[in-house]
Asks: 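Here's a structure for you.
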Amino acid sequence: MTAASVTVVGASLAGLATAEGLRRQGFDGVIRVVGEEPWLPYDRPPLSKDVLKTGPAEHPPYLRSEQAFADLQVEWVLGRRCIALNAGDRTLSLDDGSVLPFHLLVVATGARPRRLAPLDGVGGVHVLRSWDDDVALAGDVAHASTVVVVGGGFIGCEVASSLRHRGIDVTIVEPFPTLLFGPLGAEIGERLNRMHSDRGVQLVLGATVSGYRGGNRVEAVVLEDGRELAADVVVLGLGAVPNTEWLQDSGIACDNGVLCDATGRTEVDGVYAVGDVARPESSLYGRRVRVEHWTSASMQGAAVAMTLLDPQARGELVRVPYFWSDQYDTRLNYVGLHERTDRVLVRGSDGDAWQAAWERDGVITAAVASGDPRLLPAMRKALGQPVETHWPIERSRATRVS
Amino acid sequence: MREVVVDQKKCLAYGVCMMTEPAVFDLPDDDDVAHVVRQPENDDEWANTIEAVVQCPAAAIAIVDV
Ligand SMILES: Cc1cc2nc3c(=O)[nH]c(=O)nc-3n(C[C@H](O)[C@H](O)[C@H](O)COP(=O)(O)OP(=O)(O)OC[C@H]3O[C@@H](n4cnc5c(N)ncnc54)[C@H](O)[C@@H]3O)c2cc1C
Ligand code: SF4
């Protein structure tokens with residue numbers, strides 16, 4: 001089947017990767033990309049890292065050069081939100097009242113930060129997902145001396161690290177006993193606790209925020225046990241929820257993401273989903289997986305592009321997940337997918353350089369290393385291998401044939 | 001003929017490329033950026049190399065016509 005046109009909803013990484021994948025395979029039909037934000041696709045990881053350390057520039061860190069965007073020949077419909085997908089007449093309704101017909105459609109609407117009801121709409125309280133969020137946050141912290149970060153996940157930890165870089169006093173409030181407890185567990189979390197407290201971050205663990213003190217603007221957050229933590233600025237790092245509400249009456253099933261088959265196909269013919277918003281089946285993991293990593297969004301866009309042009313291609317969206325996180329001068333690299341019940345093995349000094357792996361039934365399911373990207377190939381290779389032969393993970397050298 | 005190249009000014013040493021196709025990419029001990037140690041030699045290696053292009057968070061890898 002040759003498609004006459006492909007429409008993508010969501011003008012970010014997964015949407016861009018879809019368009020690029022189509023062009024790479026020689027598709028010369030119309031590609032239209034609708035995006036709620038006014039910007040061409042830009043990179044989100046720097047928002048919590050370098051951009052927050054230095055304060056924002058005039059425009060977001062675009063994913064491509066002006067020339068590369070132009071070469072793609074995409075019809076961008078920016079600053080427009082899709083409010084409905086009408087499967088019957090195959091149209092999209094936009095927030096300005098216009099209606100766009102579509103032929104093949106890719107949903108790449110990503111996710112948005114979870115908020116905290118008692119702090120909703122209060123001045124000085126921020127989330128961080130978009131360039132606009134970053135500009136607002138950076139503007140506000142420029143005059144702040146004390147910042148409270150609510151949630152010790154990746155975004156919270158990276159924000160804390162970037163704000164420490166600017167000499168700001170930072171407190172992280174985290175309901176679990178360690179930072180990154182949910183994604184990485186207590187043993188690794190303790191190392192992160194140390195890393196952050198060594199850099200002067202105040203950790204308030206096992207605590208939840210129930211409210212705030214102040215008028216229109218926050219002066220302190222109030223914890224459930226009544227304690228108050230002074231704050232000029234509050235940053236919420238409570239995870240993200242997939243942007244699926246606009247699909248409510250579309251006939252597409254959503255449950256913590258757009259439910260789709262392994263190739264991204266939804267229940268509506270010719271409509272696919274990719275990136276943070278997608279929750280595809282995975283033959284690799286034998287269940288549905290919604291991954292919120294940069295490389296996954298990029299790969300899923302490339303994979304769905306192949307399926308759009310050749311439905312027989314059956315390229316699976318879910319590959320072995322990989323992500324990184326930069327905190328202070330250290331980069332964490334994680335590869336694989338572990339369950340909370342997997343046993344964790346940790347090796348390395350107490351400092352910022354260490355490695356860990358998870359095992360289930362004697363087989364390695366995931367690995368993470370702090371401070372050494374050169375371990376990655378060996379980490380990747382260790383997945384699915386027995387613990388006895390592949391732990392600890394040793395550097396493997398590329399076979400040089402030159 | 002096509003050839004894969006790493007723009008070493010853009011590379012940020014994520015190591016994704018050497019994980020994706022270790023026969024082609026490497027981060028040498030004595031350098032902070034990835035190197036192409038040799039060109040892909042078969043379809044599999046080319047497929048992995050194209051995957052590395054897509055996965056490189058710094059958009060530092062390109063396939064060029066030579
Ligand atoms: C601060 C920050 C730091 C990060 N750091 C890392 C990192 O270090 N490593 C890593 O692996 N990953 C990181 N990530 C995650 C990574 O950026 C995401 O996985 C990636 O952006 C997902 O891309 P996406 O295109 O699926 O979704 P998104 O980037 O969320 O894009 C979705 C787009 O769709 C638009 N949209 C939503 N609804 C509609 C609608 N109804 N109509 C039109 N447009 C709509 C949105 O405005 C948005 O522009 C980070 C994310 C953030 C926010
Ligand atoms: S994936 Fe890209 S940024 Fe990372 S080491 Fe390879 S070329 Fe450099």
Side-chain angles (χ1 to χ4, degrees), chain A residues 13-14 16-18 20-21 24-25 43-46 49-50 61-65 68 293-303 305-306 315 319-326 331-333 335-336 367 369 372-383 395-402, chain B:
Chain A
L13 179 58
L16 173 67
T18 305
E20 288 183 333
R24 198 165 39 238
Q25 291 172 84
D43 208 15
R44 297 188 198 279
K49 306 175 182 77
D50 286 354
Y62 290 120
L63 280 161
R64 299 292 178 261
S65 67
H293 307 330
W294 196 101
T295 52
S296 301
S298 181
M299 282 307 293
Q300 293 191 1
M306 289 170 64
R319 315 289 280 272
V320 173
Y322 158 80
F323 70 84
W324 76 94
S325 173
D326 294 335
R331 174 168 295 156
L332 287 184
N333 281 302
V335 59
D372 191 0
R374 291 176 176 85
L375 272 178
L376 263 176
M379 287 162 60
R380 173 71 184 77
K381 260 188 229 149
L383 302 180
R395 284 275 291 281
S396 54
R397 300 296 310 167
T399 27
R400 282 170 190 273
V401 190
S402 44
Chain B
M1 263 268 292
R2 53 187 181 162
E3 205 176 278
V4 57
V5 291
V6 170
D7 182 339
Q8 301 188 331
K9 286 196 295 294
K10 284 191 188 166
C11 171
L12 293 168
Y14 289 94
V16 179
C17 54
M18 66 189 285
M19 171 171 74
T20 309
E21 185 42 83
V24 171
F25 302 98
D26 189 26
L27 266 172
D29 286 328
D30 53 4
D31 203 350
D32 293 336
V33 290
H35 291 240
V36 172
V37 291
R38 68 161 168 76
Q39 290 298 316
E41 286 177 353
N42 52 49
D43 286 353
D44 252 13
E45 288 184 7
W46 270 113
N48 292 341
T49 299
I50 291 166
E51 186 166 327
V53 173
V54 175
Q55 290 214 17
C56 169
I61 312 171
I63 292 168
V64 295
D65 287 321
V66 288

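Just so you know, these numbers use all the heavy atoms, side chains as well, and skip hydrogens, waters and symmetry mates. Numbered from 1 within each chain, the chains take letters A, B, ... in sequence-line order.
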Asks: At a heavy-atom distance under 4.5 Å, which candidate from A:R380, A:M379, A:E20 has the highest pair count against chain B?
Replies: A:R380

Asks: Partners of A:D43 by side chain to side chain donor-acceptor pair (under 3.5 Å), sequence neighbours excluded?
Replies: A:W294

Asks: Which atoms of A:A302 are under 4.5 Å from chain B, going by heavy atoms: the side chain, the backbone, both sets, or neither?
Replies: side chain

Asks: Starting from the C-alpha separation in whole Å, work towards a yes-or-no answer on side-chain contact (heavy atoms from CB on, under 4.5 Å) for A:V320 and B:M19.
Replies: CA-CA 11 Å; A:V320 173; B:M19 171 171 74; over 6 Å; no

Asks: Looking only at heavy atoms, which two atoms of B:Q55 and A:T295 are closest? And how far apart?
Replies: O-CG2, 3.4 Å

Asks: Using a cut-off of 6.0 Å, state whether more than 12 heavy atoms not belonging to B:N42 lie near its atom CG.
Replies: yes

Asks: Of the listed residues (B:V54, B:I50, B:V24), which shares the most heavy-atom pairs with chain A below a 4.5 Å separation?
Replies: B:V54

Asks: On a heavy-atom basis, which atom in A:R374 and which in B:L27 lie closest, and how many Å separate them?
Replies: NE-O, 3.0 Å

Asks: Sub-4.5 Å heavy-atom contacts with chain A: which residues of residues 9-16 of chain B show up?
Replies: B:L12, B:A13, B:Y14, B:G15, B:V16

Asks: Can you name the salt bridge (Lys or Arg N to Asp or Glu O under 4.0 Å) partners of A:D326, sequence neighbours left out?
Replies: A:R331

Asks: Looking at side-chain heavy atoms only, is the closest gap between A:R395 and B:D29 below 4.5 Å?
Replies: yes

Asks: May I have all residue pairs that pass salt bridge (Lys or Arg N to Asp or Glu O under 4.0 Å) and include part of residues 51-66 of chain B, sequence neighbours excluded?
Replies: A:R319-B:E51

